[in-house]
Each structure stands twice: as structure tokens, then as C-alpha cells.
Amino acid sequence: VQHLVVEGCVRTDAQALKNRLDSALGKNLIRLRPATALPDLAGLPWVERLLIAKKLPDTLVVQVVEKEPAGWIPTAEGPLLLDGGGAPIVVVEQSETRGLLPPLDAADAWDAGSRREAMAFLGLLRTGFPGLAARVQSVGRVAPDWVLTLEGGARLLLDGADWQGGAERFAWSADLLAQRFGAAAN
């Protein structure tokens, strides 16, 4: 291996990743197993996975697939971004939360399972009720129910049992929400 090519870095520091791959330089490209060339990803929070390919005669190509932030939780250090499965990514500046799903209420205890469930719930809410989702300031949980804090401080309590079971169940719940709150929900 004489050359390393790193592609797909948007938020990841490409040079930092390249430095971790330096151990592959000078090795026989034909005999190199891609799995052995994978670096430790600790300290590279945006990297979801790496795809490694050999390009003859002497190049190792690394395609970076980065995590996509879906929501966030306010913390003392700043907003903690979450991926679509609710897993923490990294703490960022407040400006980097624009366009994401509303934050999870910091007062609630969000373990990995409840964060994953919350991201799924918010995704369904955004799909079924984009107008309502745009007005949500934060999301809380009083298990099994969801508490949406809307612009102006109004709080909306949704029966958690109505929102479980995926898209088919969501469509039924969306009809109930429309009946309760009319066109204002959309």
C-alpha cells in the first residue's frame, strides 16, 4: 500500500482518520485483509462505519459512512446529538440543532431503549403531522405516555399505547389526534 484515499468525510476529520490508517502503508495490498486495516473508531464520533476497498496497483480506498443526527437532548455541556436509533453522537453548538427533530426533555431519564423509542415516535410524528411536529419545542415521557411541549408552553399529553405498533397503528392514532385537535394538528 503506497496510497490511502479517504472519501465521504463531511463532519469527520479526514486527516485524523488517515493517521489511524497509516499502519497499512507499506503492506502488501494483495495480502492485506480489509478487516485488519480497520482503525479504532474511538474519538471519531461521526463515523458509523467504514467501507474499505483495494484499488490496484497500490491504493487502499476508505469510504466513510457518517452518522446522521435525528434529535438531541439539552445537556450542561450543550446539545447532545442523537442518531435515528437514539444513540448519542457528540455535543455540538446550539446552531447545529436546526432542522433536527425537537429535543428530548432534559428532565426525563432517557436510557438507550427510551431514546430509540423516542426517535421512532418523533419520526412518525414528523411524517404524520409535520405541522404539529414543527411546533413541538420538546418531548417528555411519563411512561407510557408522551408529553409534547408546544410553542408558547402548551403541553399535549398523548396516550403511549396509541403510538406503539408502527405505521399502521400510527395512522389510527393520527386519526384520533385529528379528531381531538382538528386541522390545528396538521
Side-chain angles (χ1 to χ4, degrees), residues 6-14 16-17 41-51 62-174 177-178 181 185-186:
V6 175
E7 301 171 341
C9 290
V10 174
R11 297 176 182 102
T12 302
D13 180 347
L17 181 55
L41 298 179
L44 297 171
W46 288 105
V47 177
E48 183 173 314
R49 67 182 182 277
L50 300 175
L51 306 172
V62 179
Q63 179 67 43
V64 177
V65 177
E66 293 184 327
K67 296 174 185 171
E68 284 298 322
W72 56 284
I73 298 176
T75 69
E77 295 80 29
L80 172 62
L81 294 182
L82 304 173
D83 67 16
I89 301 174
V90 67
V91 174
V92 296
E93 296 293 322
Q94 185 70 36
S95 62
E96 293 186 57
T97 63
R98 281 190 213 109
L100 298 178
L101 294 169
L104 303 182
D105 190 333
D108 291 320
W110 295 98
D111 62 24
S114 60
R115 285 193 311 263
R116 189 172 34 258
E117 192 175 324
M119 291 296 98
F121 167 76
L122 287 169
L124 288 171
L125 185 66
R126 180 179 262 178
T127 301
F129 285 93
L132 175 62
R135 296 194 337 250
V136 174
Q137 297 295 302
S138 70
V139 177
R141 190 79 195 262
V142 180
D145 301 329
W146 297 96
V147 181
L148 305 180
T149 303
L150 305 176
E151 294 169 339
R155 298 187 110 195
L156 180 61
L157 179 68
L158 302 174
D159 182 346
D162 286 349
W163 299 91
Q164 295 174 0
E168 182 179 311
R169 187 75 183 247
F170 177 78
W172 175 79
S173 301
L177 189 58
F181 299 98
N186 279 323

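Fair warning: this is a prediction, and the values are worked out from it, not measured in the lab.
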All side-chain contact (heavy atoms from CB on, under 4.5 Å) counterparts of Gln137, not counting sequence neighbours: Glu151
From Ile73 atom CD1 to Leu81 atom CG, the distance as rounded to the nearest 0.5 Å: 10.5 Å
Those residues that, when tested against Thr12, pass side-chain contact (heavy atoms from CB on, under 4.5 Å) (two or more places apart): Cys9, Leu44, Trp46, Val47, Val64, Glu66
Heavy-atom side-chain contact between Glu68 and Asp83 under 4.5 Å: no
Scan the side chains in residues 84-95 for donor-acceptor partners under 3.5 Å anywhere in the protein, sequence neighbours excluded, and list what turns up.
residue, atom, partner, partner atom, Å
Gln94, NE2, Thr97, OG1, 3.4

Atom pair CZ (Arg11) and NZ (Lys67), whose distance is rounded to the nearest 0.5 Å: 11.5 Å
Side chains of Val139 and Val147 in contact at under 4.5 Å (non-hydrogen atoms): no
